[in-house]
Amino acid sequence: LTSAVLFASIATVQYLFSSSVGSSALQADCISMAVDALSFLGKLFAYCYPEDSRRKRRVELGMLDLNSLLLGFTIQFVLGAI
């Protein structure tokens, strides 16, 4: 939980400063940090369910989708930089 809160707060502050100076690279880093924070929270949420629960599997698969979202954002920023 501490990691998720720290990542989210750092990403928020970085995004504010990166938008004020117009740094696309820092904005891309902020988005990946925000996705990491959501991933930490999702994994913590999944950990609270019993091991053989269907809900636990659904949450874990949702976190996999979240990592795919991170890949999509990364590709978008790389193509924008090219």
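For the single chain, residues carry numbers from 1 onward in sequence order.
Qualifying side-chain contact (heavy atoms from CB on, under 4.5 Å) partners for F7, counting only residues two or more places apart in sequence or in other chains: M33, D36, A37, F40. Legend: residues meeting salt bridge (Lys or Arg N to Asp or Glu O under 4.0 Å) with K56, ordered by chain and number and at least two apart, are E51.
Taking CG of L26 as the reference point, atom CD of Q14 lies at 5.0 Å (rounded to 0.5 Å). To the nearest 0.5 angstrom, D29 atom CG is 12.5 Å from S24 atom OG.
Here the shortest heavy-atom pairing between T12 and A8 reads OG1-O, 2.8 Å. For the pair S19 and Q27, the tightest heavy-atom approach, listed with the atom from each and the gap, is CA-NE2, 3.4 Å. Heavy atoms only, all atoms of each residue included: V59 and A46 are closest at CG1-CB, 3.5 Å.
Under a 4.5 Å side-chain heavy-atom criterion applied to ILVMFWY residues, the cluster that includes Y15 comprises that residue alone.
Between S39 and K43, the closest side-chain pair of non-hydrogen atoms falls below 4.5 Å.
Under a hydrophobic-cluster definition in which Ile, Leu, Val, Met, Phe, Trp and Tyr are linked whenever side-chain heavy atoms come within less than 4.5 Å, directly or via other members, I31 and L16 are assigned to different clusters.
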